[in-house]
Amino acid sequence: MGGASSAALANDALLCGSAEDLPDQQLAEDPERRYDFELNLVSVLREAYLVGAKWQVPTQLECSAGRIVVDTTRNLLLCEFDAARLESLFKQTLGRRPKTRTLNRQEQAQLHEQPMHAQGVRRLDDALWRAGLLSAAGRLPIDLDLSRPVYLKYWPNLTRVAPIPHAARVAALWSARGASITETAQTLGIAQRHVIAFYNGALALDLVTDDGSHIRRAQRKAGRNRGLLTRLLGWLNR
Amino acid sequence: MAHTDHKIIFTGPVGAGKTTAIASISDIEPIRTDEHASDMTTRRKPATTVAMDYGMIRFGPKEKVHLYGTPGQERFDFMWEILTKGGIGLVLLLDNTRPAPFEDLRFYVTAFREFIESTRLVVGVTQMDSRATPTIDEYVRQMREMDLAAPVFEVDARRRDDVSALIQALLLSIDPTL
């Protein structure tokens with residue numbers, strides 16, 4: 001999960017970009033390192049996900065490739081088209097923002113009776129995560145204040161979303177105490193692009209916040225077991 | 001059984017995958033004591049069926065972490081407190097196909113609350129390919145209502161990577177800078 005497995009390495013450049021680390025100020029001011037989350041399909045999918053989660057109903061939207069149904073009740077994303085096309089759609093900027101609406105009962109019944117073809121079905125959590133990573137391509141959201149700490153509302157389902165290096169470390173830190181992007185990279189001794197990638201994936205799943213009021217005080221420190229736990233972690237990562 | 005060695009506890013209802021999960025990650029052939037007592041158990045408690053699983057991770061010449069799977073049946077709950085003494089943390093496995101998985105969640109969190117408060121918890125939900133609901137999001141919501149924050153992952157107990165991910169999350173929850 002945090003180690004350099006071959007799968008993780010293969011995903012690295014695609015999902016995390018290849019940008020070098022920059023000093024705080026330079027990273028904050030470089031326009032090439034920014035993108036507008038709201039101008040990408042991922043923002044519409046996240047909106048559909050949140051509406052669906054709130055009302056516990058599937059939602060749908062029309063994008064340039066066809067209809068997409070976001071079914072939070074079953075953790076599914078269903079497309080009228082081959083879901084492989086989503087990957088290219090995630091990388092494009094939206095011309096016009098599609099509207100999201102909830103499915104009525106009849107439409108929900110039809111959805112269950114006439115499921116879309118298999119090529120059109122994806123796991124919703126992984127689809128959102130990948131949408132966040134591919135849309136960002138290693139960049140930061142335009143409105144992200146790099147000086148503010150980032151907290152995690154809860155951990156992503158890391159066994160089923162696309163693996164990226166050090167995801168569990170970042171998740172653990174932001175769940176325990178929060179830290180800014182650059183502070184996180186320094187604290188964990190990892191590349192900024194891996195922290196930025198995690199941020200973008202978690203943003204798509206609505207898991208990041210700058211409000212750390214929900215964070216509970218650490219219950220137990222590693223203390224004298226730290227060495228043992230580190231070696232155990234290394235063994236698990238091999 | 002009051003080991004003070006390093007150990008990780010696996011718990012959850014019968015059929016949630018504790019035995020399989022321990023087998024997936026253990027360096028030794030797991031000892032299943034829900035059958036007639038093995039050599040190890042006969043030395044400690046002759047001719048007794050004690051109903052638990054045991055595995056081990058060896059990661060150095062002399063270093064090891066014991067993996068204990070609690071008996072799933074409530075009738076063995078007297079053993080849980082003994083088993084958890086000195087534990088690094090708790091891996092709770094829940095079977096998504098059981099009739100009331102949230103009740104299982106509440107039951108085990110309540111039963112192990114003291115241990116969880118002093119260590120860490122991770123939750124693995126099994127059988128989600130057989131039954132997709134409740135979703136991981138719903139488990140998280142349930143845990144929030146219980147004032148509980150812990151990693152919740154979908155897992156296949158047969159997959160070492162999944163079980164490893166759970167344990168890694170457990171360790172990093174103790175100290176993210178490991």
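If you're wondering where the values come from, they're calculated on a predicted model, not measured in any experiment.
The one candidate from B:Leu178, B:Leu170, B:Leu171 that meets the side-chain contact (heavy atoms from CB on, under 4.5 Å) condition with A:Leu232 is B:Leu171. Exactly one residue among A:Leu236, A:Thr159, A:Leu233 makes a side-chain contact (heavy atoms from CB on, under 4.5 Å) with B:Ser164. That residue is A:Leu236.
A salt bridge is defined here as a Lys NZ or Arg NE, NH1 or NH2 lying under 4.0 Å from an Asp or Glu carboxylate O, and A:Arg160 with B:Asp156 fails to meet this definition.
The number of heavy-atom neighbours closer than 6.0 Å to CD of B:Glu103, taken from other residues, nucleotides and ligands shown, is 12 or below. With a 6.0 Å radius and a threshold of 12 heavy atoms from other residues, nucleotides or ligands, A:Arg238 has its CZ atom above the threshold. Crowding of A:Gln56 atom CD: a count of heavy atoms from other residues, nucleotides or ligands under 6.0 Å exceeding 12. Within 6.0 Å of CZ on B:Arg158 lie no more than 12 heavy atoms contributed by other residues, nucleotides or ligands.
The two residues A:Arg169 and B:Leu172 have their closest heavy-atom pair at N-CD1, 3.8 Å. Contact between B:Pro176 and A:Ala176 at its shortest, heavy atoms only, is CG-CB, 4.1 Å. The two atoms that bring B:Asp137 and A:Tyr154 nearest to each other are OD1-OH, 3.2 Å, heavy atoms only. Taking all atoms of both residues into account, the shortest heavy-atom contact from A:Trp155 to B:Ser173 is CZ2-OG, 3.7 Å.
Residue B:Thr135 touches chain A through its side chain alone, counting heavy-atom pairs closer than 4.5 Å. At a 4.5 Å heavy-atom cutoff, the contact between B:Arg58 and chain A is made by backbone atoms alone. The part of B:Val65 that comes within reach of chain A is its side chain, from C-beta onward, which places non-hydrogen atoms under 4.5 angstrom from that chain. Both the backbone and the side chain of B:Glu154 have a heavy atom closer than 4.5 Å to some heavy atom of chain A. With a 4.5 angstrom heavy-atom cutoff, B:Asp161 does not touch chain A via any of its atoms.
Considering only heavy atoms from C-beta on, B:Ile88 comes within 4.5 Å of A:Leu229 through its side chain. Residues A:Thr73 and B:Thr133 fail the side-chain proximity criterion, which asks for heavy atoms closer than 4.5 Å. Between A:Lys153 and B:Val140, every side-chain heavy-atom pair lies at or beyond the 4.5 Å cut-off. Side-chain atoms of A:Trp235 and B:Glu63, non-hydrogen and from C-beta on, never get closer than 4.5 Å to each other.
Rounding to the nearest 0.5 Å gives a distance of 8.0 Å between CG of A:Asn225 and CD1 of B:Ile174.
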